[in-house]
Amino acid sequence: MAKENISSNLDKIRHSFSHVLAQAVLEMFPEAKLGIGPAIDNGFYYDFELPRTLIPEDLKIIEKKMKKIISQNQKFVSGKQPADKAMDFLKEYNQKYKLELASDLIKSGEKEICFYENIQPENGSIKFVDMCAGPHVESTGKLPVKAFKLYSIAGAYWKGDEKNLMLQRIYGYAFSRKEDLDDYLNKIEEAKKRDHRKLGKDLDLFSVHEKAGPGLIYWHPKGARIRHIIETFWKEAHIKNGYEMVYTPHIGRSWLWETSGHLGFYRENMYAPMNIDEEEYFIKPMNCPFHIMIYNNSKRSYRELPMRWAELGTVYRYEHSGVLHGLLRVRGFTQDDAHIICTPEQIQDEIIEALRFSLFMWKSFGFEDIKAYIATKPDKSVGEKSRWDQATKSLIEAAEKEGLSFEMDEGGGAFYGPKIDLKIKDAIGREWQMSTIQFDFNLPERFDMKYIGQDGKEHRPYMVHRALLGSLERFFGLLVEHYSGSFPLWISPVQAVVIPVSDNFDAYGEKVYTELKNKGYRVEYVSADDSLNKRIRKAELSKIPYMLIVGEKEENDKTVSVRSYKTKDQKVYKMVDFYKLMNDEIKNKETGPA
RNA sequence: GCCGCCCUAGCUCAGCUGGUAGAGCAACUGUCUUGUAAACAGUCGGUCGUCGGUUCGAAUCCGAUGGGCGGCUCCA
């Protein structure tokens, strides 16, 4: 309750800041056209059409003007105008975007348009007018002048539509207190340190190469080790949970994509075809049609259903250059894909199970903060309404059964079926869609998938497309950020490093190393080419969980001196005790396949 | 794809308003044989993303192009 009040008050502050911003910009550019200026979850923004592009220095000037407006303690005064008067005023005000918004409002049945005026308290003069429903703080003096900061200029399409003109958007941070702003700025700085793009470089996990093609990921040995661990865990878990593995090709003839419809509605996202034997072949942007080929390979009975076919399927999609982002948005990626083909009677249980399984996977890797979104039927869609309704209902029931809080994304489904998505935040708070469980009412029709029911007649199966982790690339990116590169022991690419004090102890050191290696631990040996301190430093920077330092004492006592990355403690262990330490830790972290 | 910013050695960065490139780390070679976060010395390394233009002269100014970053749009 209390929290809600604070947050709505904060929204008021943020939105009021956006008015002050607009007023300041209008002072600087009287011919500026105002777009919209809402509160967002770390501050506010306002969109403008301006006579010239802004430069970063402009932000300082605008900020100064804003501070002046705040110091003048102008009153926010609300008012309403009947529709026709409002339109006249906005025409005269020469604010075409506001005019457009007002006319939209009037079209949708509004009789009156709300305005806010900023009034100079001493003489009552009107300093600024904005068409806006509010609410705002009482006066600009109430705004915490030290708790805001303009930080970015960006382009943004008017009304978010790329067919419209691109306006200039000014972003500002705003909080109720200066300390909150400082905390937030610190948090951003800290978050940047765990950005997977930085850590990927620092820890030598992966790279991308301009010359070899943007958005294509090169997994270095340490990154590949982690991927191998993820894949192994994933495969075992799937087999234990009733899935079959399949493998399918990377390219397919145009027939496949014509039948699936991808050439009709997805071609611009597909890599250009290659010509082979006078036939066009396309690199796959998804795995579904291939799995369907396996299904349609023979006549299917209801007795065979449900079928759950999983594949770590590598796909390639031509993503727009501006959207590429480290490992989180790439052009070639491996989906942890599976298709569930089942009867209408089975669908509810299958959905519940798929969602449970997905949550199990995320928890196994240490993720708990997950948001779910259920997307329903859009205007343009295929499939019978009754199937949509049943499918949507089963998604909601599955989420409820798992005790997962979710938001409805009305009309946000793909044209071919409703879906539930799980989203996770990256280091700086951006949400990324990871898991998806989606119905497909399109492909079973297009490929004429059938099964023979108990009644001896042909039926159309339900098909569900699901990816639990999303893609290995994206998952890996989040994993790096989640752990700041300091992975749990069971995932760590290097679990321990043996460091001899000097090369006089190479023999003992290598004995320790070999023993660990033979027992299956991921271990490295660092001979005394550098000083001891330097080698420890390197191991620290590589975030290796355990450093085993061996010298005279250890050799004599048959022990290892263990330095822990996480605790920075040093403790001497007998080898058997060190194994126990590691095994306990691995056991605790790894819940293992269900 | 759109708007803005950025691109100098393997990495992190310096290089004032144009005079033709520098540091630390890394790598390599020696010396040192080390007790819990950087031993010492030397060597190597860049046609300053690419192409074109302006200029007596361009890392620096202009244009194009590739890539990255932050947004927007998109995300089957």
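The figures that follow rest on heavy atoms only: side chains count, while hydrogens, waters and symmetry mates do not. Proteins get letters first, then strands, A, B, ... in listed order; numbering begins at 1 in each.
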Worksheet entry | For atom CZ of A:Arg537 and atom P of B:A38, their distance in whole Å | 7 Å
Discussion item. Is the distance between the ring centroids of A:Trp257 and A:Phe290 under 6.0 Å?
Written reply: yes
Item to complete: For A:Lys553 and B:G35, give me the distance from atom NZ to atom P, rounded to whole Å.
Response: 10 Å
Worksheet, complete the sentence: Taking for A:Ala414 and for A:Phe505 the nucleotide of RNA chain B with the nearest heavy atom, the one nearer the 5' end belongs to A:Phe505
Worksheet item: Taking the same atom, P, in B:U50 and in B:A58, what whole-Å distance lies between them?
Response: 15 Å
Response to the item:
With sequence neighbours left out, the residues meeting ring-ring contact (aromatic ring centres under 6.0 Å, His included) with A:Tyr573 are none
Discussion item. Just N and O in the side chain of A:Ser531: are any of them under 4.0 Å from OP1 or OP2 of B:A39?
Written reply: yes
Worksheet item: Any N or O donor-acceptor pair linking the side chain of A:Glu554 to the base of B:G35 at under 3.5 Å?
Response: yes
Discussion item. I'd like the P distance from B:U17 over to B:A37, given in whole Å.
Written reply: 43 Å
If you look only at distance, which donor and acceptor atoms sit under 3.5 Å apart when one is on a side chain in residues 553-562 of chain A and the other is two or more places apart or in another chain?
residue: A:Glu554; atom: OE1; partner: A:Gly551; partner atom: N; Å: 2.8
residue: A:Asn556; atom: ND2; partner: A:Glu552; partner atom: O; Å: 3.4
residue: A:Lys558; atom: NZ; partner: A:Glu555; partner atom: O; Å: 3.0

Worksheet item: Can you find a donor-acceptor pair, distance only, under 3.5 Å between A:Arg563 side chain and B:A37 base?
Response: yes
Worksheet item: Can you say whether the rings of A:Trp362 and A:Phe367 are parallel (under 30°), tilted (30 to 60°) or perpendicular (over 60°)?
Response: perpendicular
Fill in: Residue pair A:Gln433 / A:Lys419, side-chain heavy-atom distance below 4.5 Å
yes
Worksheet item: Mind checking the P distance from B:U20 to B:C48? Whole angstroms is fine.
Response: 15 Å
Fill in: Quiz item: A:Tyr151 side-chain donor-acceptor pair to B:G71 base, under 3.5 Å
no
Worksheet item: Which stems does RNA chain B form, counting runs of 3 or more consecutive Watson-Crick or G-U wobble pairs with both distances under 3.5 Å?
Response: B:1-7 with B:66-72, B:10-13 with B:22-25, B:27-31 with B:39-43, B:49-53 with B:61-65
What nitrogen or oxygen pairs link the protein and nucleotides 24-26 of chain B at under 3.5 Å?
residue: B:A26; atom: OP1; partner: A:Lys534; partner atom: NZ; Å: 2.7

Worksheet item: With A:Ser486, which residues qualify under side chain to side chain donor-acceptor pair (under 3.5 Å), at least two apart?
Response: none
Discussion item. Parallel, tilted or perpendicular: which one describes the rings of A:Phe206 and A:Phe476, with boundaries at 30° and 60°?
Written reply: perpendicular
Item to complete: Tell me what A:Ala154 touches on the nucleic acid: a base, only sugar-phosphate, or nothing, going by heavy atoms under 4.0 Å.
Response: base
Item to complete: Determine the interatomic distance between P on B:G45 and the same-named atom on B:A64; round to the nearest Å.
Response: 36 Å
Worksheet item: Quick one: on RNA chain B, does A:Met547 or A:Arg430 contact a more 5' nucleotide (nearest heavy atom)?
Response: A:Met547
Worksheet item: Given the P atoms of B:U43 and B:A59, what is the spacing between them in whole Å?
Response: 26 Å
Worksheet item: Are A:Phe48 and A:Phe29 an aromatic pair by the rule of ring centers under 6.0 Å?
Response: no
Fill in: Whole-Å distance separating the CD1 atom of A:Ile549 from the P atom of B:U36
9 Å
Worksheet entry | Test: A:Lys568 cationic atom under 6.0 Å from A:Tyr565 six-membered ring centre, within 45° of axis | yes
Discussion item. A:Glu190 and salt bridge (charged side-chain N to carboxylate O under 4.0 Å, His left out): which single residue from A:Arg194, A:Lys193, A:Lys187 fits?
Written reply: A:Lys193
Discussion item. Taking any heavy-atom pair under 4.0 Å as a contact, classify A:Glu552: base, sugar-phosphate, or nothing.
Written reply: base
Fill in: Option among A:Lys538, A:Arg535, A:Arg537 that satisfies the salt bridge (charged side-chain N to carboxylate O under 4.0 Å, His left out) test with A:Asp530
A:Lys538
Item to complete: Ignoring backbone atoms, test whether A:Lys201 places a side-chain nitrogen or oxygen under 4.0 Å from the OP1 or OP2 oxygen of B:U12.
Response: yes
Item to complete: Give a yes or no on whether a donor-acceptor pair under 3.5 Å exists between the nucleobase atoms of B:C75, that is its base, and the side chain of A:Arg329.
Response: yes
Worksheet entry | Pairwise P distance, B:C5 and B:A41 [rounded to whole Å] | 44 Å
Worksheet entry | Pairing residues for A:Trp219 by the side chain to side chain donor-acceptor pair (under 3.5 Å) criterion, not counting sequence neighbours | none
Where do N or O atoms of nucleotides 61-68 of chain B meet protein N or O atoms at under 3.5 Å, pair by pair?
residue: B:G66; atom: O2'; partner: A:Glu210; partner atom: OE2; Å: 3.2

Worksheet item: Within 45° of the axis and under 6.0 Å from the centre of the six-membered ring of A:Phe333, does NZ or CZ of A:Arg474 qualify?
Response: no
Worksheet item: Looking for any heavy atom pair under 4.0 Å, which part of the strands does A:Gly160 touch: base, sugar-phosphate only, or nothing?
Response: sugar-phosphate
Fill in: Pairs involving residues 308-329 of chain A, ordered by first then second residue, that meet salt bridge (charged side-chain N to carboxylate O under 4.0 Å, His left out) (sequence neighbours left out)
A:Lys284-A:Glu311, A:Arg308-A:Glu350, A:Glu319-A:Arg329
Item to complete: Starting at atom NE2 of A:His196, determine the distance to atom P of B:C69, rounded to an integer number of angstrom.
Response: 8 Å
Worksheet item: Rounded to whole angstrom units, what separation is found between the CG atom of A:Asn269 and the P atom of B:C74?
Response: 13 Å
Practice prompt. Please work out which of the three classes, parallel, tilted or perpendicular, describes the rings of A:Tyr184 and A:Phe175, given edges at 30° and 60°.
Written response: tilted
Discussion item. Just to be sure I understand the rule, does A:His262 reach a base, reach only the sugar-phosphate, or reach nothing, if contact means heavy atoms closer than 4.0 Å?
Written reply: base
Every protein N/O lying under 3.5 Å from an N/O of nucleotides 42-47 of chain B:
none

Worksheet item: In residues 38-61 of chain A, which residues come under 4.0 Å of RNA chain B by heavy atom?
Response: A:Thr53
Worksheet item: Taking the same atom, C1', in B:G49 and in B:C6, what whole-Å distance lies between them?
Response: 12 Å
Practice prompt. Test for a donor-acceptor pair under 3.5 Å between the base of B:U36 and the side chain of A:Asn533, counting only N and O atoms.
Written response: no
Practice prompt. Check the distance between B:U36's C1' and A:Asp569's CG and give it to me in whole angstrom.
Written response: 12 Å
Worksheet item: Does some side-chain heavy atom of A:Ile341 sit less than 4.5 Å from a side-chain heavy atom of A:His291?
Response: no
Discussion item. Without decimals, in angstroms, what is the distance between A:His220 NE2 and B:G10 P?
Written reply: 15 Å
Discussion item. Whether A:Glu189 and A:Lys192 form a salt bridge (side-chain N of Lys/Arg under 4.0 Å from carboxylate O of Asp/Glu) is what I want to check.
Written reply: yes
Fill in: For A:Thr436, side chain to side chain donor-acceptor pair (under 3.5 Å) partners two or more places apart
A:Asp421, A:Gln438
Worksheet item: Is the distance from OP1 or OP2 of B:A37 to the nearest side-chain N or O of A:Tyr565 less than 4.0 Å?
Response: no
Item to complete: Output every pair passing salt bridge (charged side-chain N to carboxylate O under 4.0 Å, His left out) with a member in residues 201-214 of chain A, not counting sequence neighbours, ordered by first then second residue.
Response: A:Lys198-A:Asp202
Discussion item. With rounding to the closest Å, how many angstrom separate the P atoms on B:C56 and B:U65?
Written reply: 28 Å
Worksheet item: To the nearest angstrom, how far is A:Met166 atom CE from B:C74 atom P?
Response: 11 Å
